[in-house]
Amino acid sequence: MTQAPASAQALRIHPVALRQKVTQQLDRHRNGDAYPVMVVRAEPAWPHDPAILLPGGRQVRVVPCVSPLAIWEHLAADRGDEVLVLLTDIPESSLGHGVRSRIFRQRVINVEPWDLVVDAFGAQVPDSALEREGWAGEALLDAMPPAGWPKLTTAVLTRDVALRHLAAVRLGLDRRGEHPDDLDVATLLRWSAEPGAVEAFGLLREGERDGLGRWLVEQFGRPARALFALVAADRGAAALPLGLVCDALWSIDTPDAVRAQGRIDQYFGNLDDDATVRGFADAAVQVVSGMLAARDRETRLQGHAVLDRAEELLVQFNAVGSAGHSPILRTGFTRRINAAAEALLASLHDAAAPALDGAVDDLATHRLADAEAGRIRRIRMAQRLVRWLGAEVTPPASVADGVDRQIAEWGWVDLALSHVWAGEDVHPQLQRAFREIHERAQARRRDLDGAFANRLAAWSTTGPGNDGGLLTVENLLARVVDPLVRADRPVLLVVLDGMSAAVAVELADELSQHWVEYDPLAGADRGRRRGVVAALPTLTAVSRTSLFAGALRAGNQGNETRMFNEGRWGKDAQIFHKGPARGPAGEVYAGELAEAVAGATRLVAVVINTVDDSLAHGREGDEPGWQLGDLGFLSSLLDQARSSGRAVIITSDHGHVLERGGQLVKAADAASARHRTGPSPAGPGEVELTGPRVVAPENRIIALWDPLLRYRPSKAGYHGGASLAEVTIPLLAFLLPNVTDTPSGWMPVDGRQPDWWQAAAPVLAAVAPPPPVPAAPKSRRKAPAVAGDALFDVPEAAPAPPAAPPAGNDLVAALLATELFQAQQGLTPRRVEIKKIEAALRALVEAKGVLAVAVLAQRAGEVPGRAVGFVRTLQRIFNVDNYAVLSLIDNSRTARLDIPLLREQFRLPVGTT
């Protein structure tokens, strides 16, 4: 038998579509044979499972037949209890009468794509626009998902709905957990970067490939047009990196950039449409920026792979020199690093050099800044040290002055020094800047340590009676913890052995997300973070024992436990050291400790040795500083304390200095790495300390004040000496934000950083108020915002006449006198006393517009538990027309007052301050 010519019209049919067609035919045409042979006109290829199960439970077996003989063979075979479906592209006229008489309905079943497609979507008819896409019917059948197309609630299947679902399948949105409604320009560009995605698109039938591309361009405009121009030129897989290169080259007009543009035009198949390229480039930057910032690691890695490919393209197009301004390419990031390094060096040597802050801020706005957060942090630390070096610093006038300034300022210097010391591994110019800044700042810090050592030597000889109100390690518990215990307030005391002022800076900042820091000794004064003087020598065996004994003593862990248990807190108090505090497998810390913190025990003390241990053994990783997660089980312990409503006191027994390329000093009488006890006099970098606060034979030691000297072999860090970082113990006290019964004398800490820590806010000239004008129809102007332009224009009321300047050019008084303020206050549902508003404003103005919410509430006379609500009430008054005059930042921990915008909104007179 001669085979009939194959028809070009035969469709490739999908299993879901075939199942749908067979079910439809059997339901509509019942001929008494439950298991007939059905011949379906389709491409005779079936790479799927030959067995299909119909909704009613009947089995279908699918067999492709390329010839009438093959059909005869299956008609003659025993098929059992199953429907036999034969796929063939042989025209019906080429099948003899004998074949047709033995098959279902005596005819070949033709597959009409639109009937199946419409039925698959649960609709009744396709719209005319969809029917005009002749290629789409077959494509929708071929691409049908295993579960079929989703059922619609409308009778008409529209072109956009059908093609959006088709595109979602062809672009693999389901593999990324996305829906057809998620299809947008970003999705399209992300698809182009997936391995093999563009190649798979090229394997589609030509009609579907061209038709789907046209629809995507129609939907998504210029970026899609550029993308499919690249696809057509066989460059689609390079779309995203090429888009980043285009963003750099099409944003400048230099001869080198223009020449590179000409080379890139060939990639697009001579698209010759700058507007399309620019739109495509903008979209690529946004997409890759999102990839770099994604939470999942795989997406971030894909983003960095795109950047790597973009750098290769820059070299290929000889365009590296034209891409230094790019906000996303590595070339642009490197140039900004170099600019920041040059600015650091220039500002270090010449105070009149171009602004350093601009160069660092420019670097921080690069899209790679988040991915390079460690490097950016170190550059900012170097920037801060340059500011500190440019400020006047006087030596400490006394021990108390030195300890206070170590807590308020110089501990921040130590923190910045540790980050700058960590250094840079790639950029030579930045390495040089870090090195010179570290050397200069370290030299200044050594001078301060030397001056402090002289004060310490004089102070230690006179004994505890000369300390005045100075907090010392032996009177810390009596002055801070005892009042809480007497007031029946449960307390968690954490002794973070070896914690320095620099460690406390980072720890307190992280804890402020859940706690409010207080000064337990403020009385009626403003709260500040306190420092404590360690016992001498600054060793655990002396200073920690003195802490728990409440008197100057030397001892060990056993002595501390005994003295604590026999102390003034009674048997209800419990102490946990390193061993007893550790839990067995499966427990973060010991069950006894957990029960004590959760229970009614008034005082629970815990010693955590993580920092002190690191001085001997070092730490894993190169990143400096300490985060809460680095400090053993402290994070979990504080969570337990928060649940139990405890006040938390975190302190130490001494600080430490770090190994920074120091020098070994030979001393036969060395008692530790930083002090000795022999009779020889103090030499360079040493100080003789004598008196009752020196717990040593004859109450005398020789201690190193120079942090670069040591008596013993090199370790990660040391203590026992007389430097500010060793002698100063930070005191951190915390309560929960919702606490209303604040202990007597406790005030929130004014957590302002040193002035040089943050860039100075730009000084804006006061805006003179416009002269009074007659009432006029409302105009429209753009609302200012804290950063960037506002999104909407808002109506502007007729300007009010300027308020009369108050006596003394008082900004706050001028504001309170304005009619607008009085009207705004009158409209506030919860009236706030004028004196509270005035106190809050004066506190914010004094703090240059930025103040911790808890401190602001305290200054205004509000309870800490209402701090955030108080600020939100003030926002109703000052944020006229939703202008961000007063805002909450830093997860509502800080209030920020935009003073220039306050002047403008309330039309305050020129010259008020």
Side-chain angles (χ1 to χ4, degrees), residues 764-786 790 792-851 853-863 866-889 892 894-913:
L764 302 178
V767 179
V773 295
K778 291 184 178 180
S779 61
R780 300 183 70 83
R781 63 183 171 89
K782 184 164 284 188
V786 174
F792 303 102
D793 289 341
V794 296
E796 179 184 24
N809 293 330
D810 188 328
L811 174 70
V812 175
L815 171 67
L816 299 180
T818 62
E819 292 182 5
L820 178 56
F821 166 77
Q822 294 166 9
Q824 286 290 107
Q825 189 202 18
L827 294 173
T828 306
R830 184 183 182 276
R831 296 297 295 273
V832 181
E833 297 176 49
I834 288 290
K835 66 178 182 179
K836 289 187 176 182
I837 299 175
E838 180 177 1
L841 280 173
R842 293 193 184 282
L844 282 164
V845 171
E846 180 184 341
K848 300 179 182 178
V850 179
L851 196 61
V853 166
V855 176
L856 180 63
Q858 179 265 323
R859 299 274 185 88
E862 278 285 353
V863 296
R866 282 211 67 254
V868 174
F870 173 65
V871 176
R872 294 196 189 282
T873 301
L874 295 182
Q875 286 180 302
R876 290 175 174 265
I877 298 173
F878 297 119
N879 292 1
V880 183
D881 293 336
N882 292 323
Y883 285 44
V885 173
L886 179 64
S887 54
L888 283 166
I889 59 175
S892 295
T894 306
R896 179 169 62 190
L897 178 69
D898 188 330
I899 296 176
L901 185 54
L902 178 75
R903 292 179 183 276
E904 179 182 349
Q905 283 295 88
F906 288 86
R907 301 189 178 279
L908 300 178
V910 177
T912 51
T913 59

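Along the sequence shown, residues are numbered consecutively beginning with 1.
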| said: Does Arg876, at its CZ atom, have more than 12 non-hydrogen atoms belonging to other residues, nucleotides or ligands within less than 6.0 Å? | reply: no

Nearest heavy-atom approach of Ala839 to Ala860 is CB-CA, 3.9 Å

| said: With heavy-atom distances below 4.5 Å as the criterion, would you say the side chains of Arg907 and Thr818 are in contact? | reply: no

### Message
Is any side-chain heavy atom of Leu874 closer than 4.5 Å to one of Leu841?
### Response
no

*After noting the C-alpha distance and the side-chain angles of Gln875 and Leu888, does the key distance pass the side-chain contact (heavy atoms from CB on, under 4.5 Å) rule?*
CA-CA 9 Å; Gln875 286 180 302; Leu888 283 166; 4.2 Å; yes

Do Gln824 and Leu820 have side-chain heavy atoms sitting under 4.5 Å apart?
yes

- Query: What's the verdict on side-chain contact (heavy atoms from CB on, under 4.5 Å) for Leu811 and Arg903, showing C-alpha distance, side-chain angles and the deciding distance?
  - Reply: CA-CA 9 Å; Leu811 174 70; Arg903 292 179 183 276; 4.0 Å; yes

task: For the pair Gln905 (side chain) and Val880 (backbone), establish whether a donor and an acceptor sit closer than 3.5 Å, ignoring hydrogens and angles.
output: yes

| query | In terms of side-chain geometry, is the basic nitrogen of Arg842 or Asp810 positioned less than 4.0 Å from the acidic oxygen of its partner? | reply | yes

The reported gap from CG in Leu815 to CD1 in Ile899 (rounded to nearest 0.5 angstrom) is 11.0 Å

Note: Val868 and Val853 closest approach over all heavy atoms is N-CG1, 3.8 Å

Heavy-atom closest pair (Ala884 atom, Asp898 atom, distance to 0.1 Å) is O-CB, 3.9 Å

All heavy atoms of Ile834 vs all of Leu816, minimum pair found to be CG2-CD1, 4.4 Å

- prompt: Is the closest side-chain heavy-atom distance between Leu886 and Arg896 below 4.5 Å?
  reply: no

dist Lys836:NZ -> Leu856:CG (nearest 0.5 Å) comes out at 12.0 Å

Exercise. Does the side chain of Phe870 reach to within under 4.5 Å of the side chain of Val832, using non-hydrogen atoms?
Worked result: yes

Review point. Would you say Glu862's side chain and Ala867's backbone share a donor-acceptor pair under 3.5 angstrom?
Key: no

Inset, instruction - Classify the angle between the aromatic ring planes of Phe878 and Phe821 as parallel (below 30°), tilted (30 to 60°) or perpendicular (above 60°). - result: parallel

